[in-house]
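Accompanying notes for the structure given below.
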Amino acid sequence: MTQDNLSLATEFILIGFTDHPQLKPLLFLVFLTIYLITMVGNLGLVALIVTEHHLHTPMYIFLGNLALMDSCCSSAITPKMLQNLFSKDRMISLYECIVQFYFFCLAETAECFLLAAMAYDRYVAICKPLKYHTVMSQKLCAQMTAGAYTAGNIHPTIHVGFLFRLTFCRSHQINHFFCDVLPFYRLSCVDPYINQLMVFIFSGSIQTFTITTVIISYLFILFTIFKMKSNKTRGKALSTCASHFLSVSIFYGSLLFMYIRPSSVNEEEKDIPVAIFYTLVIPLLNPFIYSLRNKEVIKVMKRIMKIS
């Protein structure tokens, strides 16, 4: 094997968003601002939940882990993306790509299960309030959280393992702003059918299971809410569920369109706008959706600000 072929097989160029130099400073400023707000919002929420003992309940434990996964997803992608906006070569090695994809996939997979756990937690709290502390025990909460992280680690390991069956000879340019597996399949000189099948099977199974859990939970929640006699209580419950369900819909809609749609490997022009939603926008919005509408979190934040 020649040196050129070796370089072609192990080093790639992330094309990114644009080749227009005049737009790069603006994009850098926008994405840096998004990243900083995302990290401050999510890590601040994690710190708040860890330090405040009365927030050590299942709902807030799931929320804290969700914020941690949003921080992981954003940190896996954004720093390299910002660097590439002003980098001349925009090179990234195969092993750097694997590490980036691993942590990105870990975060997204764990988030799917955490969102399902949060939906089930809300179902028990609203539909079976008298049994809440019995059903949502610390043991069950720990098992759900551990299950989310276990699935989060197994899922990318499978795809990384199958990635090593491919050789890359068509091009060394990845038409994306981060290392996802789908753009890699377009560069392969080996038929990536098995890899595509694994993505469809595992991503489809994870999303089907977690989406079904969310939908069933919220159907029971809505049925219970509409039976409530108090308009004030009904409105409060609907408001909380609506914001959560909106975030879940955007997240799952983006993932389904990206990984489960037909011929997803061949529609690369649609990848970047969709990927921006679930890698940059959703981690930015989640702290505001789940926290600033939460009276307990706001109360703690006001108390901390008064003390300081």
Side-chain angles (χ1 to χ4, degrees), residues 41-71 107 109-152 206 209-249 251-252 286-304 307:
N42 284 290
L43 293 181
L45 181 59
V46 172
L48 195 69
I49 292 171
V50 170
T51 55
E52 294 295 324
H53 294 289
H54 73 281
L55 295 181
H56 292 179
T57 60
M59 180 179 71
Y60 293 106
I61 290 173
F62 294 142
L63 180 58
N65 283 279
L66 184 73
L68 189 62
M69 289 298 95
D70 280 335
S71 301
T109 303
E111 189 161 342
C112 285
F113 285 96
L114 288 169
L115 288 171
M118 291 172 69
Y120 178 74
D121 174 76
R122 291 300 83 202
Y123 155 73
V124 177
I126 294 174
C127 300
K128 300 181 179 181
L130 298 179
K131 298 182 179 180
Y132 179 78
H133 294 290
T134 303
V135 176
M136 292 302 300
S137 62
Q138 291 184 350
K139 181 179 179 180
L140 180 60
C141 180
Q143 288 173 340
M144 285 182 165
T145 305
Y149 283 107
T150 300
I206 289 169
F209 172 75
T210 54
I211 288 173
T212 301
T213 302
V214 170
I215 291 175
I216 292 175
S217 297
Y218 274 97
L219 285 176
F220 279 107
I221 287 171
L222 288 174
F223 183 74
T224 302
I225 287 174
F226 286 123
K227 290 199 305 182
M228 293 178 178
K229 296 180 179 180
S230 171
N231 290 331
K232 183 178 180 180
T233 304
R234 188 187 302 122
K236 180 181 176 181
L238 278 173
S239 176
T240 303
C241 292
S243 59
H244 183 197
F245 196 74
L246 174 64
S247 175
V248 169
S249 299
F251 176 76
Y252 279 116
N286 275 347
F288 300 97
I289 292 174
Y290 292 114
S291 304
L292 296 184
R293 294 177 62 87
N294 189 297
K295 291 185 178 180
E296 283 294 321
V297 174
I298 293 175
K299 187 186 301 183
V300 172
M301 290 174 64
K302 287 182 177 179
R303 179 166 56 80
I304 291 174
I307 293 175

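Everything numeric here is computed off the predicted structure, so don't read it as measured data.
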Query raised in the report: What closest approach, in Å, do P58 and M136 show between heavy atoms, and which atom pair accounts for it?
Result: CG-O, 3.7 Å
Requested in this report: Working to the nearest 0.5 Å, report the span between CZ of F113 and CE of M118.
Outcome: 15.5 Å
Query raised in the report: With a cut-off of 6.0 Å (strictly less than), are more than 12 heavy atoms of other residues, nucleotides or ligands near CZ of F220?
Result: no
Requested in this report: Check V135 against L140 and note the closest heavy-atom contact, atom names and distance.
Outcome: O-CD2, 3.2 Å
Report task. Please report the C-alpha distance between F62 and L115 in whole Å, then the side-chain angles of each, then the deciding distance to 0.1 Å, and finally whether the side chain to side chain contact (heavy atoms under 4.5 Å, CB included) criterion is met. Result -> CA-CA 8 Å; F62 294 142; L115 288 171; over 6 Å; no
Query raised in the report: Any chance CD of Q143 has more than 12 other-residue heavy atoms, nucleotides or ligands included, within less than 6.0 Å?
Result: yes
Query raised in the report: Looking at side-chain heavy atoms only, is the closest gap between M144 and N65 below 4.5 Å?
Result: no
Query raised in the report: What is the minimum heavy-atom distance between A107 and M69, and which atoms define it?
Result: CB-O, 3.4 Å
Report summary line: On a heavy-atom basis, the closest approach of A119 and S217 is O-CB, 3.6 Å
Query raised in the report: Hey, what do you get for OG1 (T57) to CG (L63), rounding to the nearest 0.5 Å?
Result: 9.5 Å
Report task. Check T213 against F209 and note the closest heavy-atom contact, atom names and distance. Result -> OG1-O, 2.9 Å
Requested in this report: Dump the intermediate steps for side chain to side chain contact (heavy atoms under 4.5 Å, CB included) on Y123 and I216, then the final yes or no.
Outcome: CA-CA 9 Å; Y123 155 73; I216 292 175; over 6 Å; no
Requested in this report: Report the relative orientation of the aromatic rings in H53 and H56; use parallel for angles under 30°, tilted for 30 to 60°, perpendicular for over 60°.
Outcome: perpendicular
Query raised in the report: What's the verdict on side chain to side chain contact (heavy atoms under 4.5 Å, CB included) for K131 and V124, showing C-alpha distance, side-chain angles and the deciding distance?
Result: CA-CA 8 Å; K131 298 182 179 180; V124 177; 5.7 Å; no
Query - Check against side chain to side chain contact (heavy atoms under 4.5 Å, CB included), Y149 and L68 - result: CA-CA 11 Å; Y149 283 107; L68 189 62; 3.7 Å; yes
Report summary line: Separation between OG1 (T145) and CD1 (I61), nearest 0.5 Å, reads 6.5 Å
**Report entry** Atom pair OG1 (T109) and CD1 (I206), whose distance is rounded to the nearest 0.5 Å
**Finding:** 4.5 Å
Query raised in the report: So how far is it from F251 CZ to T210 OG1, rounded to the nearest 0.5 Å?
Result: 8.0 Å
Query raised in the report: Rounded to the nearest 0.5 Å, how far does CD of E111 lie from OH of Y252?
Result: 8.5 Å
Report summary line: For T224 and I126, the nearest pair of non-hydrogen atoms, with its separation, is CG2-O, 3.7 Å
